[in-house]
Structure formats: structure tokens, C-alpha cells
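When reading the values below, keep in mind they use all heavy atoms of this one structure, side chains included, and skip hydrogens, waters and symmetry mates. Chain letters run A, B, ... following the sequence lines, proteins first, then strands; residues in each count from 1.
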Protein chains: 2
Amino acid sequence: MAFSDVSTPDVGALFERVPKATLRAHVVERLRGAILAGDIPPGAPLVETSLSERFEVSRGPLREALRQLIEEGLVVTVPYTGTRVAELSVEDVHEIYSLRTVLETFAFEQVWPRRDDRFRAELRRRNEALIASIDAGDDRASILNELEFHGLVYEVSGHRLLQRAWNGLRGRLQLYWAAHHRAHGRRGPKRDSHDSYIKAAFGADLEAMRREIADHMRRGVETTERFLRTMPTSSGKPKRGDNS
Amino acid sequence: MAFSDVSTPDVGALFERVPKATLRAHVVERLRGAILAGDIPPGAPLVETSLSERFEVSRGPLREALRQLIEEGLVVTVPYTGTRVAELSVEDVHEIYSLRTVLETFAFEQVWPRRDDRFRAELRRRNEALIASIDAGDDRASILNELEFHGLVYEVSGHRLLQRAWNGLRGRLQLYWAAHHRAHGRRGPKRDSHDSYIKAAFGADLEAMRREIADHMRRGVETTERFLRTMPTSSGKPKRGDNS
DNA sequence: CTGTGCCAGATTGTCAACAATCGACCATCA
DNA sequence: TGATGGTCGATTGTTGACAATCTGGCACAG
């Protein structure tokens, strides 16, 4: 999955410590998947006891899983009262995309001087995978592929805190994209947008790349914002105890 | 504490919901304080059972507190084996300061067009508080004041995700500064550095402010890196079960 | 002397019961 | 009718005991 594994099979990796998966990690994956798939829509209550029997775990690991999803921005909680899936808002969209612009630009600045051919090749490969999934009409794969595409530059940067910051945005972004694709079916033709992105990434002009990133994000925030405005408020607040 | 409270006493705030403090939150504060004060030095093991009796809590809340400190970068853990205070490294210093440069520049760009006089006044106030604590030789207060000083622009930006990113850096920064000040006593004369920072912040030239931030961070990373190199490796890894 | 397998202690992971708190509902009264 | 106070169910917070896993050292064979 990591960039270095893509092009250079590392024999040493075969002997890597494979830590036994904890229940918490498992619950995080499943719960995150359920939220991003829309099985549990934004605003829906997340009751610890219900979830613990749904996932067949006790409340201990479940609580820790919820805390992690709170960190990722997928879940919000208020002490002694309740926990629910995060709601969507236009303010968040602006924050996500503006910060993303800054981070992705910085990531490219880190990678740029290296003239890394493997990076570029892998970027093209991921772009083709993305195009393929779009053409196939597979929305779920398209979202994942788009995240993989944009994630590459963070991986290659080797900047762990930067990767961490990207991870903090990734889940939030996915939440919006997933809601969008559920509401509107396949997402518009992104092909052109990615073509120019790729072209700039392969060029020699860093300033042009900066502009390209800014434009790319501008288009993203417009699309997402327009979508959000069509569903005025995601729902009348569900009261305590409903489990739609 | 929030910026808006500084200049405009808000009567409504008196009636604000004051959430009952949970044990977890309390433990987080105390444990973080102990780490940042150096009571528990980098690399020292954090055994859940010991800590739970030290803080007179059960392991449940304590574990959740540890998870939060992991998020903040103050603690590292490996499943089924152990948890310890994060070690210091020069790579981390570079990452912290480079990301900080990007974020703080972005924060200033957000605030800049507003020509916010209250922001500038508060910035000056916090700078004077910082100078005062430096002159008084109070290292602990100086660190806190420096964080408050730089934190202002994030608060004023109103950008929650940006504030969140800053919070992710804040603890890590504090860890290094605290170690530095324990090793070397009072930190060098930062007065000049802050004078030019303030001057640029009050000027009209955003580009000059960008340069000032970059320079400021460059000085910071140099100082911290030089300090780290004097303590080659913070210690031979303490073995399992030692509790220094 | 070197490597290998096993054992014991230490540490984290998990569970199920209990306590504290909150929010909605309803009866009551001005 | 509108406000007010109490009560009850629902939900999260906390606890102590138990299970799973890892690490380091030691005996033993080569």
C-alpha cells in the first residue's frame, strides 16, 4: 500500500512484525465503513450498547473506537448525552478544501525538487485506475481511487506529520463525497480536471502546479457546496432514541 | 481564553453549559502536565496499572486518556507490550517546524484582509506578557506565553480545522521546548526575534510577514536542533519494567 | 560457545456489572 | 394557559476481574 512497496518489492517487509489485530481496530474499520457507505447516515445516533451488540464486542473497545472516529471527524459526541454521526455543513467544506489546498501544495513543494520518476509513474498509474473506475460507473471505487491518487504525494513526501494532517482530512472528505454520490449517483466528469492536474504535475513549472492545485480545489469546493445546498438541512434533528 | 472573550466580556457566557468534567479529561490534564513538566521524561514507560493507582482512577478512563495523548504525539504505544513517553528526534523537529511554517502562514493570510485591530492589540498584549515572563526568568510561563502568542492567529482565523492542526503541533512543540529548558535553563534572548515578528504583523506587507514567519521558524528549528544534538540519544532504551 | 525452544512474569486487551448524568415527559399550580 | 418542578427511562461514565499477548531469560542440546 505504501509507495515504496509499489515499485520496489522489499523482501525485508515479509519478515515484518505483524501485530495481532485488536478488537478496537476491527470495530473502527467496520464502523467507519458503515458510516462512509451510508448505512448509518449523518446525524444518526450511535448508541454504545446497540453498537456493541451489533459488532459483538463489549463497550470498552467500542468506546475507544468511537473516540478514534471522533478524531477523524466522522462522529461527534456530547458527554453523558449521546453520540452521533457528524452532520454535513458548508462551513466544513470550505475549511476542508482550503486546508487541503495548503497541505497539498506544501506536499508538492517537498516532492518537486526530487524529480522523482517513480512518483510520476505511480501518479499516472493511479490516475488511470481512477479513470477506469469512473468509466466503469463504480462510484465506490472512484472515491477510493481519487483518495489514493491525491494521497500519493503525501506518501512520497515522507513527511509523517503532513501525512497525519492529510489523514485528518481524508475521512471528512470521504464523508462528503459518499453522501454526494448516494444522492446524485455518479459524480460528474472529473476526467478533464485530472488531465490538467497530471499535466501540471509532469511539467517543470512549480508555480503552475500551485495554480493547478488551487483551481482543482476551487472546483471541488464548488461542486460539493452546490450539492450540499440541494439538501438544505440533512434532516430534522432525530430525537433521542430513534434508530433510523 | 478564546479571543472573543478577551475584549468583549460576554454576559451570556455566564449561563453557558458547563459540562461536568469526566475523569478521563482530568487524567489527560494531569498526565500531560507531568510529561511536559519532565516528571516523566521522554522514553519512560507508562504502565497503565501504575498510572491508574497514581491518579486514583481505574484503567478504563486512564486508557482513554493515553489514547488522547497518543493523538497529541506525547506518547507512543505498541500493542500488548507497552506504552511510553515519546522520544525526541531531529526528524520530528524538522517536520514540526516546516508544517508550522505552512500553517501559520496560512493563518495569517486568513486574518490579513480583515485588518483586525483587536487582533493586533491582543497580539501586542500577549507579546508583552511573553517579554515580561522572559525578563522574570520564568521559563515555564515563557513557554506557555510563547504558545499563547503564536496561538492567537489561529484562534482569530476562525478556521476550526486549522486550529485543530495547530493543536496537533502544539503539544509536540511543548515537549521539545520543555526538554530544552530543563537542560539549559532559560532559553536564549528571543526578544529581538519577536520584535521583528510583531513589526511585520503590524505592517501592511503580507509578503514581508510570510518571510518573517519563515525566518522565525528557521531560527526555531536551528535552536532546537542544536540543543538536541548536545544530548545525542536521550537515553539507552530503558528496559521493560524500569520506572525511573 | 552458540543457538533454540520453552516458561514465567509483566503488560495490555476485553468483559460485564454498576454508578452518574441527562433530557423528555407529565403532573401540578399560579 | 403557561411556567415549574419532579420523576423516570435512556445513555454515557467508571470499575474491578479475567483473558490474551508479548518480552526476556534460562535450561538444554549441538
Side-chain angles (χ1 to χ4, degrees), chain A residues 15-31 40 43-71 74-86 236-244, chain B residues 15-31 40 43-71 74-87 235-244:
Chain A
F15 300 98
E16 240 170 32
R17 274 272 293 101
V18 179
K20 173 86 175 185
T22 63
L23 283 187
R24 184 190 72 253
H26 191 200
V27 170
V28 167
E29 280 183 33
R30 293 230 291 157
L31 186 52
I40 316 177
L46 296 170
V47 180
E48 294 178 1
T49 50
S50 313
L51 291 176
S52 78
E53 67 185 49
R54 167 169 175 175
F55 293 123
E56 296 174 294
V57 230
S58 78
R59 281 181 55 222
L62 189 106
R63 278 172 63 87
E64 298 189 3
L66 281 177
R67 286 287 144 77
Q68 178 166 340
L69 293 178
I70 291 172
E71 281 300 312
L74 299 182
V75 164
V76 294
T77 187
V78 32
Y80 285 110
T81 327
T83 308
R84 51 184 62 220
V85 179
K237 307 178 186 178
K239 299 302 183 194
R240 191 190 185 93
D242 77 348
N243 48 347
S244 52
Chain B
F15 300 97
E16 238 169 34
R17 271 275 292 102
V18 179
K20 174 86 175 183
T22 62
L23 283 187
R24 184 190 71 252
H26 192 191
V27 169
V28 167
E29 280 183 33
R30 293 230 289 157
L31 186 51
I40 315 177
L46 295 170
V47 180
E48 293 178 0
T49 50
S50 314
L51 291 175
S52 78
E53 68 184 49
R54 167 170 176 175
F55 292 122
E56 295 174 298
V57 227
S58 75
R59 281 181 54 220
L62 188 104
R63 280 173 61 87
E64 298 189 5
L66 282 177
R67 285 290 144 81
Q68 178 166 341
L69 294 179
I70 290 172
E71 280 301 313
L74 300 182
V75 164
V76 294
T77 188
V78 34
Y80 285 112
T81 52
T83 308
R84 50 185 60 221
V85 180
E87 308 249 15
S235 67
K237 308 179 186 177
K239 299 303 182 193
R240 190 190 187 91
D242 77 346
N243 49 344
S244 53

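Using a 4.0 Å heavy-atom cutoff across all strands shown, A:R24 reaches sugar-phosphate atoms only and no base atom. Within the nucleic acid shown, A:L46 comes within 4.0 Å of sugar-phosphate atoms alone, with no base atom in reach, counting heavy atoms only. Nucleic acid contact for B:T83: sugar-phosphate only, since backbone atoms but no base atoms lie under 4.0 Å from a heavy atom of the residue. Residue contacts for B:G60: at a heavy-atom cut-off of 4.0 Å it reaches a base atom on one of the strands shown.
Between the side chain of B:R84 and the backbone N or O of B:G43, at least one donor-acceptor pair lies under 3.5 Å. When atom types are taken as modelled, the side chain of A:T81 and the backbone of A:P79 share a donor-acceptor pair closer than 3.5 angstrom.
For D:dT11, neither phosphate oxygen OP1 nor OP2 lies less than 4.0 angstrom from any side-chain nitrogen or oxygen of A:T49. For D:dT15, the OP1/OP2 oxygens have no side-chain nitrogen or oxygen of A:R63 closer than 4.0 Å.
Within the 4.5 Å cutoff, the side chain of B:L31 has no heavy atoms near those of the B:L74 side chain.
A:E56 contributes atom CD, which lies 10.5 Å from atom CG of A:L23 (distance to the nearest 0.5 angstrom). To the nearest 0.5 Å, the span separating CG on B:L69 from CG on B:L46 amounts to 8.5 Å.
Of the listed nucleotides (D:dT23, D:dT12, C:dC15), D:dT23 has the atom at the smallest distance from the side chain of B:T81. Closest contact between the side chain of B:P79 and the listed nucleotides D:dT15, C:dG13, C:dC18 involves C:dG13. Side-chain atoms of A:R59 lie closest to C:dA17 of the nucleotides C:dC15, C:dT11, C:dA17. Counting only heavy atoms from C-beta on, A:Y80 has its side chain closest to D:dG13 among D:dG13, D:dT11, D:dT14.
One interatomic measurement links the two molecules: CD of B:E48 to C1' of C:dT14, which rounds to 12 Å at whole-angstrom precision. Distance A:E53 CD to C:dC15 C1': 15 Å, rounded to the nearest Å. Atom P of nucleotide C:dG13 and atom NE2 of A:H26 are separated by 17 Å, given to the nearest angstrom. A:E56 has its CD atom 11 Å from the P atom of C:dA16, to the nearest Å. The CG atom of A:L62 sits 15 Å away from the C1' atom of C:dG13 (whole-angstrom rounding). What separates CD of A:E64 from P of C:dG13 is a distance of 7 Å, to the nearest Å. Atom CG of A:L66 is separated from atom C1' of D:dG13 by 13 Å (rounded to the nearest Å). Atoms CZ (A:R84) and P (C:dC22) sit 17 Å apart, rounded to a whole Å.
Between B:S50 and A:V57, the residue whose closest nucleotide on DNA chain C is further toward the 5' end is B:S50.
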